[in-house]
2 protein chains.
Amino acid sequence: MHILIVEDEIGIVQFLQQGLQEEGYLVTTANDGSKGFELSQNHQYDLILLDWMLPKINGLDLCKAIRIKDQLTPIIFLTAKDTVQETIAGLKAGANDYIKKPFSFEELVERIKVHFRHRKGNQELTLGTIKIDLSKHVVLKNDEEITLTQREFELLTYLIENKGKVCTRNQILKDVWDINFEYDTGVIDVFMNAIRKKLNLKIEEDYIKTIRGIGYIANDL
Amino acid sequence: MHILIVEDEIGIVQFLQQGLQEEGYLVTTANDGSKGFELSQNHQYDLILLDWMLPKINGLDLCKAIRIKDQLTPIIFLTAKDTVQETIAGLKAGANDYIKKPFSFEELVERIKVHFRHRKGNQELTLGTIKIDLSKHVVLKNDEEITLTQREFELLTYLIENKGKVCTRNQILKDVWDINFEYDTGVIDVFMNAIRKKLNLKIEEDYIKTIRGIGYIANDL
DNA sequence: GTGTTAACTTAATGTTGACTTAAGATGATT
DNA sequence: AATCATCTTAAGTCAACATTAAGTTAACAC
């Protein structure tokens, strides 16, 4: 995975470069807009991080320039500007995301991952013998296709994305149902039941465990 | 809450200053060691962020110098150096924490909060060979997973959080069971028994001692 | 628009297992 | 030895979860 960083502040460049390299990415940097444009035309990157204020060509124009030829590579703006107008301008110019400085490095990494997932479409989401194909919106168990409804799919995906971590009922309500207050009618149980039934989990394939009083946890065995 | 940042890289200074101010902190900056020392002597800060490599006086010496008069103010090193020796050197010089660049801004904020709370780092929850993994809601003993029920888990966590301190029966009832009046049916005993049995503590691993007439105490040996 | 269908939510019932209690056994302290 | 606190076991209670069914909403075809 190759990331291009276009940023002139040397401290931030170093910060990002070292951090992203430690995350396992290949990183190339450009310290002004025209250098960034040149690199973007002569190489194929998997993602581009763009500062707004840049020498020579500013980030907004650079973004537009890149998008003339390339509509696919995800572009993330990384900037201190954060008014609604600017956000809209950035997104209109073809950016995929917009992260406000100062940002958490973890957040940045998470967002980068999200873009790789969407772009490739088939981020490997697996749980034991179960495979999720986000691009086809399909669940496979031993190469057999299983049809899940929207919510079932979202819930299962959520659990697998958080594989190995306990998901509390409140977290699930918040992240899957967007219910931000404490109110549980038992929806989760119904859907867990449906998922388990459809996946036809045997005793020895107890991938989704119930943690009584807390929530659920998914795990390969 | 007033934070002093001693750092020479202007990009990082801006990044930190803006971020911390948005978090509601009052921020003062110094771009070299002697300026930092001067400020530290003439003002009272609630926390000091220190770069290792600094012009005029380096971070390590500055830390020692500050500690001559002031042993209380938390000092956090913020540095690219991360060998064990350097960490030890930093901590020996009187630093309270050590964050490696590049760091997540969220992490930094969390750590700052921790220092304001207790001036004590949030250590991993371990007890001898036993490790508690809150995210998995699991207890590990020699890499073997042990399943505890909710209450067992809470009780054990509570004892470990108060490692080295005696927990009276009343405190336990209050903090784990939320029973605020004096009423003991013997629940604690039952759960202590269950925990000890599940953890299968040998005589030489007597991590949880009974203090007759008072309560219990957890301790690494 | 109306009708039909599938998905989602709510509610009711069944089942399980965690928690509590209490009572007898064990061990410590005097 | 007598007493008291703690340990251990077992049984009853209750809350959480699983399951099913019925009600509600939203999507789609016509």
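Bear in mind that the values here come from a model prediction, so they are computed numbers and not experimental data. Chain letters run A, B, ... following the sequence lines, proteins first and then strands; every chain starts at 1. Only this structure's heavy atoms are used, side chains among them; waters, hydrogens and symmetry mates stay out.
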Listed in order of residue number, which residues of residues 188-199 of chain B have a non-hydrogen atom at under 4.0 Å from DNA chain C? V190(B), F191(B)
May I ask you to verify if any side-chain N or O of W177(B) is less than 4.0 angstrom from the OP1 or OP2 atom of dC19(C)? no
Close side-chain approach of I208(B) and L156(B), heavy atoms under 4.5 Å: yes
Between F191(B) and W177(B), how do the two ring planes meet: parallel, tilted or perpendicular, split at 30° and 60°? perpendicular
Would D32(A) and S34(A) count as having a side-chain donor-acceptor pair, cut-off 3.5 Å? yes
Pair K141(A) + E144(A), salt bridge at N-O below 4.0 Å: no
Surrounding CG of N142(B) (heavy atoms of other residues, nucleotides or ligands, distance under 6.0 Å), is the total greater than 12? yes
Is it the case that over 12 heavy atoms from other parts of the model lie below 6.0 angstrom from the NZ atom of K136(B)? no
Check whether the side chain of R212(B) and the base of dT29(C) form a donor-acceptor pair under 3.5 Å. no
Might you confirm whether atom NZ of K165(A) has over 12 heavy atoms from other residues, nucleotides or ligands at distances under 6.0 Å? no
Side chains of Q18(B) and Q14(B): do they bring a donor and an acceptor to under 3.5 Å? no
Among T157(B), I130(B), V139(B), D133(B), which residue meets the side-chain contact (heavy atoms from CB on, under 4.5 Å) test with L125(B)? T157(B)
Is the CD atom of Q150(A) crowded by more than 12 outside heavy atoms at less than 6.0 Å? yes
Need two values: the first and the last nucleotide of DNA chain D, 5' to 3', having an atom under 4.0 Å from any heavy-atom of chain A. dA15(D) to dT20(D)
Roughly, in whole Å, what's the span from CD1 in I179(A) to P in dT10(C)? 7 Å
Could you identify which residues of residues 147-155 of chain A place a heavy atom less than 4.0 Å from some atom of DNA chain C, listed by residue number, or say none? T149(A), Q150(A), R151(A)
